[in-house]
Structures are given as structure tokens and as C-alpha cells.
Amino acid sequence: MSVFDPETIITRLRSRYDLSQSRDEFLHFKNPYETLIATILSAQTTDKCVNIVTKELFARYPDVFSLANAVLDDVEKIIHPTGFFHTKARNIIAASKLVATEFHGEIPDHMEDLVRLPGVGRKTANIVLDHAFSKTEGIAVDTHVRRISMRLGLTDNSEPNRIETDLTCIFPQYMWGEINGLFILHGRRVCTARRPSCSICNLSDICRYYRENCE
DNA sequence: ATCCCGAGGG
DNA sequence: CCCTCTGGAT
């Protein structure tokens, strides 16, 4: 058995984290429109914050067409607590306009199209595909996924695009969505940026970082 | 003080 | 590769 056996990694993380529970808050959005906007807003902030502002946002702008015609200033006021409010407000309005005009009001369900929307990078697109369409097309590389992948020794690259290539090569497609969520939870709770809790980590025996720093 | 379930631009 | 945009949580 290879030390990077995907089954080993996913099985051990599954035994530690309940993914269905932690995703609940994020999955409650009714349709792809809500999921897309909420995901764009969720950059660098918490789910709780996004849940609060989207309540008012979606009450006032229930679909792409209403948001496409929204006044920038009004949107900024509503989403202010999420941070980066100016950029985010411009982006969600511009993205709605693009969806309304070029995609007939339907949120695109493919990576190439989603990434064309302002404010949507590969990370956001992956989450929208996974949550709104159940079509995970890759592994969304955020800081947690990046840190864990490099510590375990799954990749030597530091650039997100290349890390994603390495990970999608190591893990079979049906694991992508789950690996994503599990790595993020593990990164927040155990494999933290500073002072990782290696003593309670059940991956330490196959971790390069642990071998080189903690043994 | 430091970090976050980022994106866009230089 | 670097920087900036922002607020909130810890």
C-alpha cells in the first residue's frame, strides 16, 4: 500500500469529521442563483455573516434580473458586513448582468462559463458546481487544501493550479467533493497554519511535515 | 495581532 | 511572484 493511498486518507478523515453536518448552513440556498451570489460573498468571511446579509439581499433581489438592475449603493449597504463590499457589490451586479444577457438568465453549470463571471474564480466555481449542480469538476484549492497537500507531501508545488492538477491526479473523481470539504475542516481544526496539532492528527504517520519536523 | 471556504491585477 | 481590497472572529 502506498503512503498516498487515497482510500487511507479519505477513510481516516471521514472517521473524524461529519461532512454533512458542517455543510448544512451552506447548502440551504434555494437555487443556483442564490448559491452563486452567496458563494461570491463568502470570500474571506464567515458563513454566519453571509447567511445574515443574503436574507435581506434575496428578499429584495429574488433573481438575476432584479440584481442585474440593482443600484450599486443599495447593494453595498446590504452586503457591507461581509467585507470587500465595494468589489463584491460590483461583481455580483456585473455577474448577474452577464448571466441575464449571455446565459438567458440561467446560472452556467460548467467551469469555463462560470469563470467568466466577475468575482468567480476556480475556487468559487468549484463550490457552485458542487453545491448547486452536484457536479464537482475539480478540487477547489484554498489555503487549507494547499497547506495540507504540501505538508502531507501530496505535491511540491505552491501554485493553486498545479496543486489542483496533482490532487485530481491522486484522488479519483468521485472523491473530489468530499476531499475538498474534509481538507478544509481538517485545516481549520487540526492542521492549522500555526502550531498544527500533530499529536492528535490521525494522518501524522503518513505526513512528510510530521516526519521532518515533529519526529 | 493574525487569519479567513478569494479574485483580480501588476 | 507580489499586492490590494475589507470586516469579523479569535
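Note that the structure is predicted; figures quoted are calculated from it, not measured. By convention in this document, chain letters (A, B, ...) are assigned in the order of the sequence lines, proteins followed by strands, and residues within each chain are numbered from 1.
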Peer 1: Starting the side chain at C-beta, find the nucleotide from C:dT6, B:dC4, B:dG6 nearest to A:H144.
Peer 2: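 Closest nucleotide among those given: B:dC4.
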Peer 1: Between C:dT6, B:dC4, B:dG6, spot the one nearest the side chain of A:F85, thanks.
Peer 2: C:dT6
Peer 1: Check this for me, if you would: do A:E102 and A:K97 make a salt bridge, where the nitrogen-to-carboxylate-oxygen distance has to be below 4.0 angstrom?
Peer 2: no
Peer 1: Check every atom of C:dG8, C:dT6, B:dA7 against the side chain of A:T87 and return the nucleotide holding the closest atom.
Peer 2: C:dT6
Peer 1: Could you give the distance separating C:dT6 and B:dT2 at their C1' atoms, to the nearest angstrom?
Peer 2: 15 Å
Peer 1: Would you indicate which nucleotide in B:dA7, C:dG7, B:dC4 comes nearest to any side-chain atom of A:T143?
Peer 2: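 Nearest listed nucleotide: B:dC4.
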Peer 1: Given B:dC4, B:dG6, C:dG7, which nucleotide is nearest the side-chain atoms of A:F84?
Peer 2: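 Looking only at side-chain atoms, A:F84 lies closest to B:dG6.
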Peer 1: Whole angstroms only, please: what is the CD1-P distance between A:I163 and C:dC1?
Peer 2: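 It works out to 10 Å between those atoms.
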Peer 1: So, are A:E56 and A:R60 salt-bridged, with charged N and O less than 4.0 Å apart?
Peer 2: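 Yes.
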Peer 1: Give one of base, sugar-phosphate or nothing for A:T192, where a contact means two heavy atoms less than 4.0 Å apart.
Peer 2: nothing
Peer 1: With a 4.0 Å cutoff (strictly under), does any side-chain N or O of A:R147 reach OP1 or OP2 of B:dC4?
Peer 2: yes
Peer 1: Measuring only between side-chain heavy atoms, which start at C-beta, is A:R90 closer than 4.5 Å to A:P118?
Peer 2: no
Peer 1: So, is A:Q44 near the phosphate of C:dT6, with a side-chain N or O under 4.0 Å from OP1 or OP2?
Peer 2: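 Result: no.
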Peer 1: Do A:E76 and A:K88 meet the salt-bridge criterion of a basic N to acidic O distance under 4.0 Å?
Peer 2: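 Not counted as a salt bridge, because no side-chain N and carboxylate O are separated by less than 4.0 Å.
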Peer 1: Pick the closest DNA chain B nucleotide for A:A125 and for A:T45 by heavy atoms, then say which residue is nearer the 5' end.
Peer 2: A:T45
Peer 1: Within the 4.0 Å heavy-atom criterion, would you say A:V145 contacts the bases, only the backbone, or no part of the nucleic acid?
Peer 2: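 Counting heavy atoms under 4.0 Å across all strands, no contact is made by A:V145.
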Peer 1: Closest approach to the side chain of A:H80, judged atom by atom: which nucleotide of C:dT6, C:dG7, B:dA7 is it?
Peer 2: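 Ranking C:dT6, C:dG7, B:dA7 by closest atom to the A:H80 side chain puts C:dG7 first.
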Peer 1: Say we look at C:dA9 and B:dA7: how far apart would their P atoms be, to the nearest angstrom?
Peer 2: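 22 Å, rounded to whole Å.
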Peer 1: What is the separation between atom CZ on A:R146 and atom P on B:dC3, rounded to the nearest whole Å?
Peer 2: 13 Å
Peer 1: Answer yes or no: is there a side-chain heavy-atom contact under 4.5 Å between A:I148 and A:Y209?
Peer 2: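 The answer is no; the side chains never approach within 4.5 Å.
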